[in-house]
**Student:** 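Got a structure for you, questions after.
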Amino acid sequence: MTQFNETELTAAVIRSFDQTPDPRAKFLLQELVKSLHDYVRRTDLTFEEWDQAIGFLTRTGQKCTDIRQEFILLSDVLGVSMLVDAVNHRDRDGATETTVLGPFYVGEHKVTPHGTDISASLPGERMFVQSRVTDLDGKPLANVPVDIWHADDDGFYDSQKPSYATEGPSSRARFITDADGRFFFRTIVPCSYPIPTDGPVGQMITQTNRHPMRPAHVHFLVNAKGYEPLITHVFVEGDKYIDSDVVFGVKDELIAKVERRTDPVMPDGQRSDGPWSLMTYEFHVKPGGGMAPAPLGTKVTEDA
C-alpha cells in the first residue's frame with residue numbers, strides 16, 4: 001500500500017499524471033510537481049508561509065483586468081519572462097535581440113500614417129523616431145505591421161489612466177513599413193518609470209528593498225509575414241536604470257543613442273517648433289512563422 005508520506009508522496013503525484021494524453025503536458029506537469037515538492041522540502045515550508053503564498057497569488061489574480069495583467073508583472077520581476085524569452089531565442093543568427101512583452105500591450109493598435117505625432121496631446125520633449133525592418137541580409141521588408149507603445153512623461157501608460165476607456169490610446173500605434181522597409185513617427189522622449197506598486201507585486205518589491213524602476217524605452221512588436229515575430233524594446237542610452245532594470249529586460253544591442261537636435265526641420269521635411277530628439281534604430285528579423293503571443297485577457301488581430 002502506498003504511504004503518502006514525505007518520501008513517497010512526490011512519486012505518487014507524478015504517477016497520477018501518467019495517463020495524460022498530451023506527452024508535452026504530461027512532461028510539464030510532472031516536472032512542475034518535482035520542482036514544487038523539492039522546494040517545499042529544501043525550505044521546510046511552514047503552514048503559515050504556504051498560506052501567505054496562496055494569499056499572494058490570490059491577490060495577484062484579483063488585480064488582473066482586461067488592461068492589466070498582474071501575473072505577467074510577477075513573471076517579469078522574478079526574471080521568468082526574460083528566462084522564457086532567452087530559452088526560446090538562443091540562436092539569433094544576427095536577428096535583433098528580443099525582450100519582454102510587458103503587461104501593457106493591449107493588442108488593439110490602430111494603423112497610423114507615417115509621421116503622426118502619437119503623443120500630440122501630451123507634454124514632454126518632442127522626439128522623432130525613424131526605423132527600418134529588414135531580413136538578415138539587409139533586404140528591406142515592406143508592408144510589415146509594427147506596433148509601438150511607451151510610457152508618458154510621468155511614467156504612465158495610457159491604459160493605466162482612467163481616461164483610457166473614453167479618450168482612447170496615446171503613445172501607442174501601429175505603422176506599416178513602406179517599400180524600403182521604413183516607418184517613422186513623432187512622439188515624446190520616454191522617461192524611466194516604476195512598475196505599478198499598488199498591487200501585490202509592487203508590495204513584494206517594496207518589502208524586499210528592490211527599486212521598482214524601468215529604464216526609459218519604447219516597445220516594438222514587429223510581425224513580418226514569413227518571419228519570426230520580434231518583441232523588443234529600444235532603450236534610451238544613459239538612463240540611470242540601464243544596469244538595474246527591475247524586470248531584467250536590457251540587452252546592450254537594444255540601447256540606442258537619442259540625439260538632441262536643434263534643426264528647424266525634422267527628417268521628413270516637417271518643421272519643428274523647437275529643440276527635439278532623434279531616435280534611430282533598424283530591426284532585423286529571421287525567417288519563421290506565427291503571430292506574436294498576446295498577453296492573457298487581450299486579443300491580437302491582423303487588422304486592428
**Student:** Is the shortest side-chain heavy-atom distance between L221 and L230 below 4.5 Å?
**Tutor:** no
**Student:** Using side chain to side chain donor-acceptor pair (under 3.5 Å), reason through Y193 and H150 one step at a time and then give a plain yes or no.
**Tutor:** CA-CA 11 Å; Y193 64 88; H150 66 81; over 6 Å; no
**Student:** Show the numbers, then the answer: is there a side-chain contact (heavy atoms from CB on, under 4.5 Å) between M213 and V246?
**Tutor:** CA-CA 6 Å; M213 301 300 293; V246 68; 6.0 Å; no
**Student:** Knowing that exactly one of H109, K110, H219 qualifies, which makes a side chain to side chain contact (heavy atoms under 4.5 Å, CB included) with R172?
**Tutor:**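 Going through H109, K110, H219 one by one, the side chain to side chain contact (heavy atoms under 4.5 Å, CB included) with R172 is satisfied by H109 alone.
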**Student:** Is there a side-chain contact (heavy atoms from CB on, under 4.5 Å) between M279 and S131 once you walk through the steps?
**Tutor:** CA-CA 8 Å; M279 174 185 280; S131 191; over 6 Å; no
**Student:** Tell me, with the steps shown, if D38 and R42 meet salt bridge (Lys or Arg N to Asp or Glu O under 4.0 Å).
**Tutor:** CA-CA 6 Å; D38 185 52; R42 285 189 293 106; 2.9 Å; yes
**Student:** Is there a side-chain contact between E125 and P275, using heavy atoms and a 4.5 Å cut-off?
**Tutor:** no
**Student:** Given F128 and F185, is the ring-ring contact (aromatic ring centres under 6.0 Å, His included) satisfied, shown in steps?
**Tutor:** CA-CA 6 Å; F128 189 94; F185 59 94; 8.1 Å; no
**Student:** Can you confirm whether L278 sits close enough to P267 that some side-chain heavy atom of one is under 4.5 Å from a side-chain heavy atom of the other?
**Tutor:** yes
**Student:** Before you tell me yes or no, could you show the steps for R132 and T177 under side chain to side chain donor-acceptor pair (under 3.5 Å), namely the whole-Å CA-CA distance, both residues' side-chain angles and the distance that decides it to 0.1 Å?
**Tutor:** CA-CA 8 Å; R132 192 174 186 229; T177 61; over 6 Å; no
**Student:** Taking everything shown except F156 itself, do over 12 heavy atoms lie less than 6.0 Å from its CZ?
**Tutor:**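 Open: at most 12 neighbouring heavy atoms sit under 6.0 Å from CZ of F156.
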**Student:** For the backbone of L28 and the side chain of E31, can you confirm whether one donor and one acceptor N or O come within less than 3.5 Å of each other?
**Tutor:**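 A pair under 3.5 Å: no.
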**Student:** For the NZ atom of K286 and the NE2 atom of H89, what is their distance to the nearest 0.5 Å?
**Tutor:** 8.0 Å
**Student:** Mind listing the closest non-hydrogen atom pair of M127 and I188 along with its distance?
**Tutor:** CE-O, 3.7 Å
**Student:** Show, in sequence, the C-alpha distance, side-chain angles and deciding distance for R174 and V146, and conclude whether the side-chain contact (heavy atoms from CB on, under 4.5 Å) test is met.
**Tutor:** CA-CA 5 Å; R174 175 173 294 175; V146 182; over 6 Å; no
**Student:** Side chain of S75, backbone of S81: donor and acceptor closer than 3.5 Å?
**Tutor:** yes
**Student:** Is the side chain of R92 donor-acceptor paired with the backbone N or O of T98 at a distance under 3.5 Å, no angle test?
**Tutor:**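 The answer is no, because no donor-acceptor pair under 3.5 Å joins these two groups.
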**Student:** Could you pull out the closest heavy-atom pair between P212 and T197, with the gap in Å?
**Tutor:** CB-CG2, 3.9 Å
**Student:** Mind running side chain to side chain donor-acceptor pair (under 3.5 Å) on Q30 and D18 for me, showing each step along the way?
**Tutor:** CA-CA 9 Å; Q30 291 181 330; D18 280 349; 3.0 Å; yes
**Student:** So D85 and F248, do their side chains get closer than 4.5 Å, heavy atoms only?
**Tutor:**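 Side chain of F248 against side chain of D85, heavy atoms only: no contact under 4.5 Å found.
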**Student:** Is the centre of the F220 ring less than 6.0 Å from the centre of the Y281 ring?
**Tutor:**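 No, ring centres 6.0 Å or more apart.
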**Student:** Does atom NZ (K257) have a neighbourhood of more than 12 heavy atoms from anything else shown, all under 6.0 Å?
**Tutor:**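 Not more than 12 within 6.0 Å, no.
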**Student:** Just by modelled atom types, is the L32 backbone N or O under 3.5 Å from a matching donor or acceptor in the S35 side chain?
**Tutor:**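 No.
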**Student:** Grab the two heavy atoms, one from A256 and one from T280, that are nearest each other, plus how far apart they are.
**Tutor:**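 Smallest heavy-atom distance, with atoms named: CB-O, 4.3 Å.
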**Student:** Are any of the side-chain heavy atoms of Q130 and R182 separated by less than 4.5 Å?
**Tutor:** no
**Student:** As a quick check of understanding, evaluate ring-ring contact (aromatic ring centres under 6.0 Å, His included) for W149 and F104, giving each step before the final call.
**Tutor:** CA-CA 8 Å; W149 65 105; F104 298 114; 9.9 Å; no
**Student:** Please evaluate residues Q270 and V265 with respect to the criterion side-chain contact (heavy atoms from CB on, under 4.5 Å), reporting the C-alpha separation (whole Å), side-chain torsions for both, the decisive distance (0.1 Å), and the verdict.
**Tutor:** CA-CA 6 Å; Q270 298 297 315; V265 177; over 6 Å; no
**Student:** Using every non-hydrogen atom in the two residues, find where R126 and P123 come nearest and quote the distance to one decimal.
**Tutor:** NH1-C, 4.4 Å
**Student:** Any sub-3.5 Å donor-acceptor pair from S272's side-chain atoms to G274's backbone N or O?
**Tutor:** yes
**Student:** Tell me the closest heavy-atom pair linking G155 and C191, and the distance in Å.
**Tutor:** N-SG, 3.7 Å
**Student:** Would you compute the distance between atom CG of L73 and atom CE of M204 and round it to the nearest 0.5 angstrom?
**Tutor:** 8.5 Å
**Student:** Around atom CG of D243, are there more than 12 heavy atoms of other residues, nucleotides or ligands at under 6.0 Å?
**Tutor:**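 Count not over threshold, so no.
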**Student:** So do I231 and Y105 actually touch side chain to side chain, heavy atoms under 4.5 Å?
**Tutor:**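 The answer is no; the side chains never approach within 4.5 Å.
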**Student:** First locate atom CG of D152, then atom OG of S171, and finally report the distance between them rounded to the nearest 0.5 Å.
**Tutor:**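 Rounded to the nearest 0.5 Å, the CG-OG separation comes to 6.5 Å.
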**Student:** Spell out, as yes or no, whether a donor-acceptor pair under 3.5 Å connects the side chain of S119 to the backbone of L122.
**Tutor:** no
**Student:** Mind checking the NZ-CG spacing from K139 to D137? Nearest 0.5 Å is all I need.
**Tutor:**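 Going from the NZ atom of K139 to the CG atom of D137 covers 9.5 Å.
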**Student:** Contact between H37 and L9 at the side-chain level, heavy atoms closer than 4.5 Å - yes or no?
**Tutor:** yes
**Student:** Kindly compute the distance separating CH2 (W276) from OG1 (T187), expressed to the nearest 0.5 Å.
**Tutor:**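 That separation rounds to 14.0 Å.
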**Student:** Please find the pair of heavy atoms, one from S277 and one from R260, that lie closest to each other, and give the distance.
**Tutor:**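 Scanning both residues, the minimum pair turns out to be OG-CD, 3.7 Å.
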**Student:** Checking side chain to side chain contact (heavy atoms under 4.5 Å, CB included) between V285 and each of L141, V144, L136, T96, which is the one that passes?
**Tutor:**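 Answer to the side chain to side chain contact (heavy atoms under 4.5 Å, CB included) test with V285 among L141, V144, L136, T96: L141.
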**Student:** Between D158 and S170 (side chain of the first, backbone of the second, donor and acceptor by atom type, cut-off under 3.5 Å), is there such a pair?
**Tutor:** yes
**Student:** Main chain of E97, side chain of T232: is a donor-acceptor contact present, judged purely on distance under 3.5 Å?
**Tutor:**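 Here the side-chain-to-backbone pair exists.
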**Student:** Which is it for T99 and H233 under the side chain to side chain donor-acceptor pair (under 3.5 Å) test, yes or no, and what are the steps along the way?
**Tutor:** CA-CA 7 Å; T99 189; H233 304 2; 4.6 Å; no
**Student:** Is it true that, when you exclude D252 itself, more than 12 heavy atoms of the residues, nucleotides or ligands shown sit nearer than 6.0 Å to its CG?
**Tutor:**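 Counting other residues, nucleotides and ligands, CG of D252 stays at 12 neighbours or fewer.
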**Student:** Measuring from Q52:CD to L57:CG, what's the distance to the nearest 0.5 Å?
**Tutor:**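 It is 12.0 Å, given to the nearest 0.5 Å.
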**Student:** So among H217, H211, R214, which one has a side-chain hydrogen bond (donor to acceptor under 3.5 Å, both in side chains) with D245?
**Tutor:**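 It is R214, the one option of H217, H211, R214 that forms the side-chain hydrogen bond (donor to acceptor under 3.5 Å, both in side chains) with D245.
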**Student:** Looking only at atom types and distance, does a side-chain atom of N223 sit under 3.5 Å from a main-chain N or O of P229, one as donor and one as acceptor?
**Tutor:**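 Such a contact is absent between N223 side chain and P229 backbone.
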**Student:** Cut-off 3.5 Å, side chains only: do T46 and E49 have a donor facing an acceptor?
**Tutor:** yes
**Student:** Can you tell me if D273 has over 12 outside heavy atoms packed within less than 6.0 Å of its CG?
**Tutor:**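 No, the 6.0 Å shell around CG holds no more than 12 heavy atoms from other groups.
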